[in-house]
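Side chains included, hydrogens not; waters and symmetry mates left out as well; all remaining heavy atoms used.
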Amino acid sequence: MVLGMSRSIVRVSSPPSEGKLISPRTGFVISWDGATKRAMIVTLSTYFKKKPHEPQPEVHLPDKSIVQGRLIFMNRHYNLSILEITSDLPLQVPAFGSAPKYGQKILALSRDENMSLVARRGAITWSDGSFMWRNHYMFVDCDVPEGGVGGPVVDSCGSSIAMVYRAGPGAVIISISIICTFFEMWKQFSCVARPVFDVDLRSVELAGVSLREELSVKHNINGGFMVKRIADDSALEHLGVRQGDVIFFEDECGTNLPEIEDYLLSLGWRYLQGMKSMVLKLLVHDIEGPCKETITLPLEFSVDSGKADMPPKSSPAMSARSKSTPDSDLRSHDGIPNPGSWSGRLTRSRAKQIGLVLPIQAVESPGISSNNNKKRRIEEETAGESPATVIPTTTTTGEPGTLARRPIHPPQPHSTAPRIGRESSWIAQRKVDRLRKATLRDAEDEPSTAAAMPTPSDKKMVLGMSRSIVRVSSPPTEGKFISPLTGTVISWDGATKRAMILTIYSTDFKSKPHEPQPELWVHLPDKSIVQGRLIFVNRHYSLAILEITSDLPLQVPTFGSAAKYGQEILALSRDENMSLVARRGAITWSDGSLMWRNHYMFLDCDVPEGGEGGPVVDYCGSIIAVVYRDGPCAAIISISIIHALYEMWEQFSCVARPVFDMDLKSVELASFSLREELSLKHNIEGGFIVEHIANDSALENLGVRRGDVIFFEDKCGTMLPEIEDYLLHLGRRYLGEKRSMVLKLEVHDIEGTCKETITLPLEFKVSSGKVA
């Protein structure tokens, strides 16, 4: 597959004798004419010719010959260039695929200094990033070597789907759909047009689960794009868009940033075809407000001829706007009284000097600026060639103009303003950004949680359980401290607003009958706190149920079947910030018992502190277990046990279980050496090994000893959790039938090589679950 692309991939560098060095990079063929032997090469344009006297780059062909490249197209927004070469070696245009997809497996190809083909295998990560109004970047999880910039990124079929924009770990790529669109646009119109859209965005769909949960629970926002930064004095800023807002495009133009970029380029194509007057309608959510408005943005277009020595030109509306004076009088526009100290004239630059922020409202002009005479004169001069004027408008669910009246950023004391001096504008802007108030919590998931939920489908599944997972703690003023736990909603009554919360029973809850029950706090998903009342405990399984009253509607999750060994899982919990925490792992093929409790199963992941009581879910999002003990190799309890316990308590107001004081170990999960010995010497292929037995118990009096292997006469399972389900089944029968029962066991004495069937009269321990 890669060799089939050999004649499509070249290397670009500068002549070694020239003073200006071009960092070596890769390029690939996008056009080949066999008759004229001319080809076009697409690559990255950094450090290319900026002035006429500067040298042209060299192109190294697959046969190691070198030809001179002529720079015929350069786009500064995407940092892409096209070189024209003449080659005696027949070259080849590769197959171009569709736009790359998140999670897609790829190969990043390049040429090294010896012209050898270099490949890195990886996948496109589920993440986005933007910088300086460029929202189209995607990322791969492999390390592209130096010189790989400009190289093709291919899919499993060998079709080029992207180009490497930045090499190194977590390399940045640009979609082939963007490259093909602007290349075809340039060929047809000899220029490239793109709407001026000076805002850095972030897709809500790819945001961390903590931030997505906050947006969902508090603001009912489950999609759209978050505004990370917005250009000062831009049309969007004048219309009221601010950092931290969440915007939705009215047109169905995609759910991720590369799709939005494709849409913007399609608008540029329509502009060059003659559609001069276009608008973009955006639904803007003010998170801090909160309010919601639909704004209409008149589109201005940046038109780039692609020539190396010519900057991009703006559409007429933008040109007029850029010529307006920055210190124009804003009194009639903003309704601000004239401070006497400024001779009756308050301008925006002066307002910044004194720490005063002037509110900005939408005005009726394509390029929003002041209304002085110079602006009017320029607009009259360009009226004949300008597109039809479109008036910026807003439609709000509340009072009109709510968005536009917001301050651009909160006023800062004059002494705290950063000194720009000779610093670059980028560094200065970063300092200003740090002083500005964040309008939305930029919550990033901690690394292990992010790794556990890499895809939007994973996050969507977990977010569907957001209103089912709470945190349990004790008030800080209480003398008795309870280690924080996680809890799961198992019952919700919307009419009474009452819910039941399942969690782990801590010995800190109440140790002695005469001790008062400590106050319990239940932290809800919206970070509100309600008091929990302990209504049920079971000390054998260490489970507890709390009752709460909640104004926030909660949700009972889906409960699955019993947990299975080897099953892939997600262990969920809440941390001290009420953020959702996740750990991905699997149920290990091991069992363990302690103090006659044989129902534990174990995970191969490390559940963090506070994860006890948290749900363990399968790949469908159904709860299959609850975490009993956090830490490495966390212990869990199957949901089948919890379900049987809860139903028994609901029906009979108590729970019954046979007294069965033995610690067992499944032969099926024993080591290979032990299983071989049992098989060869004793013809034993299954059953359960007795590890410990209670002194003076009924089983001990019947002759069962440590090391024996027992079989249950009833077909009740081959694993310990299945045995526990069977014992609870017997307890339910006991409460329903109120009659005596026996348990028949076949006991193998390994030492004496004898075998005997015993009959154990069952005694039942009945617990009401009430808190004494």
Side-chain angles (χ1 to χ4, degrees), residues 75-79 128-137 193-202 225-247 249 257 260-261 263-265 267-268 278-280 282 284 286 295-304 311-315 317-328 330 333 348-349 351-352 357-363 365-370 392 394 403-404 406-410 412 418 420 423-440 442:
N75 184 276
R76 291 170 175 82
H77 182 81
Y78 300 107
N79 206 25
D128 55 12
S130 57
F131 180 68
M132 292 298 291
W133 331 137
R134 292 161 173 83
N135 296 292
H136 53 271
Y137 300 134
R194 180 187 180 276
V196 176
F197 197 68
D198 295 342
V199 58
D200 285 342
L201 300 176
R202 181 184 182 189
F225 301 88
M226 291 172 287
V227 177
K228 292 174 63 179
R229 293 179 187 86
I230 187 167
D232 292 337
D233 200 35
S234 62
L236 280 169
E237 188 180 64
H238 281 264
L239 284 170
V241 180
R242 302 291 182 262
Q243 179 181 346
D245 289 347
V246 177
I247 66 173
F249 290 79
L257 292 177
I260 297 299
E261 193 64 33
Y263 175 71
L264 294 178
L265 277 175
L267 295 180
M278 281 184 279
V279 297
L280 194 62
L282 303 172
V284 183
D286 170 20
I295 65 173
T296 300
L297 172 68
L299 289 181
E300 302 168 354
F301 288 83
S302 174
V303 182
D304 186 1
K313 294 182 179 179
S314 302
S315 59
M318 187 178 182
S319 300
R321 178 172 173 268
S322 63
K323 295 175 184 177
S324 61
T325 56
D327 266 3
S328 54
L330 299 176
H333 175 78
R348 189 166 306 282
S349 61
K352 290 181 179 179
V357 176
L358 301 182
I360 303 175
Q361 295 182 357
V363 295
S365 101
I368 304 171
S369 183
S370 61
T394 63
L403 285 178
R406 293 183 297 170
I408 296 176
H409 52 78
Q412 298 291 337
I420 296 179
E423 294 174 336
S424 70
S425 59
W426 183 83
I427 296 176
Q429 184 62 41
R430 297 287 288 179
K431 288 188 175 182
V432 171
D433 287 343
R434 283 196 291 270
L435 292 176
R436 292 182 176 178
K437 177 183 176 183
T439 55
L440 180 64
D442 191 15

From [X] atom [atom1] to [Y] atom [atom2], the distance as rounded to the nearest 0.5 Å:
X    : Y    : atom1 : atom2 : result
K228 : D128 : NZ    : CG    : 7.5 Å
I247 : I260 : CD1   : CD1   : 8.0 Å
R194 : E300 : CZ    : CD    : 13.0 Å
H238 : I295 : NE2   : CD1   : 12.5 Å
T296 : L282 : OG1   : CG    : 8.5 Å

Of the non-hydrogen atoms in [X] and [Y], which two are nearest, and what is the gap between them?
X    : Y    : answer
R134 : H77  : NE-O, 2.6 Å
I230 : W133 : C-CH2, 3.7 Å
A235 : L297 : CB-CD1, 3.6 Å
F197 : L280 : CE1-CD2, 3.8 Å
N135 : V199 : ND2-O, 2.9 Å
V303 : A193 : CG2-CB, 4.2 Å

Compare all side-chain heavy atoms of [X] with those of [Y] and state whether any distance is below 4.5 angstrom.
X    : Y    : answer
D286 : R242 : no
L201 : V227 : yes
H136 : Y78  : yes
V196 : F301 : no
R229 : F131 : no

* To do: Could you walk me through whether F225 and V246 pass side chain to side chain contact (heavy atoms under 4.5 Å, CB included), step by step?
  => CA-CA 5 Å; F225 301 88; V246 177; over 6 Å; no
* Asked: Is the closest side-chain donor-acceptor distance between E261 and Y137 under 3.5 Å?
  ->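 The criterion, which ignores hydrogens and geometry beyond distance, is not satisfied for Y137 and E261.
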